[in-house]
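First up is the structure itself, then whatever we jot down about it.
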Amino acid sequence: MYLQDEFKGKVIFITGGANGIGRATALSFARAGASVALADIDETQNEMSAQQIREIGGSVLSLKCDVTVEAEVKSALDKTVQAFSRLDIAFNNAGKYQRIAPAADTTEEEWRRTLDLNVTGTFLCMRNEIRIMLAQGGGIIVNTASGAGLVGIYDGAAYAAAKHAVMGLTKSAALDYATKGVRINAVCPGVIETNMMREVSGNTPEGIEKMLAIEPIGRLGQPEEIASAVMWLSSSKAGFCIGHGLAVDGGHTMH
């Protein structure tokens, strides 16, 4: 399989690696032979992800990092390059949902927190990753947007605004570096079976049923399905894709 060969010896930096999509993607790249730098504000869970990679014989670096603080982002990336000598791929996945509420009932604090983590955090990572990649001659960036970055959603105006912003950032930066060897895209997950989904649904049968109702395919997505999409976007097979938001959402954004 081309993916198994293509990523051998490559270095990937992943934010939000403590669980869910970040953990699944890290494991997928490690199985394909890549060295993985995992960054997350949750040091304990991030180390658990790293340990799972070690158990399958993978090469991994666990880094505590708040993506909203540029000094921490730069430090994490510097440590990645120090450990592995380069940075081939970056998956900017750190993010969080908002408290469910109609737009007028969303607090200013919630608004700012949602945009700071999802948008500013992605921007700060990209800014520093791009500088490294330009200096070494190229690289690939994949951002986690969302189906909510492609369509509006009920009771989630701040989150949808943030993820639409991630898509705008992805598209514009992709144009900036299209001829400079840095290829930038985004993955747009639907409702995926992760800790974030369980928080949003309240992890009750009723809440999960509401999540299922969003998905025309009739089930929740799995983190490994998003990992596969990230791997494709990071591969040479996606070499003609720039600024694209790849919907992996069970049909949610079709209607």
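All residue numbers refer to positions in the sequence shown, counting from 1.
Between the side chain of Ser85 and the main chain of Val81, no donor-acceptor pair closer than 3.5 Å is present. No side-chain donor-acceptor contact under 3.5 Å links His252 to the backbone of Val191. Under the 3.5 Å distance criterion, the side-chain polar atoms of Thr15 are matched with a main-chain donor or acceptor of Ala94. Side-chain atoms of Glu72 come within 3.5 Å of backbone atoms of Asp66 as a donor-acceptor pair (strictly under, hydrogens ignored).
Under 3.5 Å, the side chains of Ser236 and Glu6 contain a donor-acceptor pair of N or O atoms. Between Gln136 and Asp88, the side chains place no donor N or O within less than 3.5 Å of an acceptor N or O (distance only, hydrogens not considered). Side-chain atoms of Gln45 and Asp40 form no donor-acceptor pair, as typed in the model, at a separation below 3.5 Å. No side-chain N or O of Asn143 forms a donor-acceptor pair with one of Thr122 less than 3.5 Å apart.
Using a 30° and 60° split on the angle between ring planes, Tyr97 and Tyr159 fall in the tilted class, from 30° to 60°.
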Handout entry: Criterion salt bridge (Lys or Arg N to Asp or Glu O under 4.0 Å) on Glu70 and Arg127, from CA distance to verdict
Key = CA-CA 10 Å; Glu70 187 161 24; Arg127 179 159 72 172; 2.6 Å; yes

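Between Arg54 and Glu47 there is a salt bridge, with a side-chain nitrogen of the basic residue lying less than 4.0 Å from a carboxylate oxygen of the acidic one. Glu215 and Arg219 are not joined by a salt bridge, as no carboxylate oxygen comes within less than 4.0 angstrom of a charged side-chain nitrogen.
Taking the salt bridge (charged side-chain N to carboxylate O under 4.0 Å, His left out) definition, one finds that Glu110 meets it with Arg113, sequence neighbours left out.
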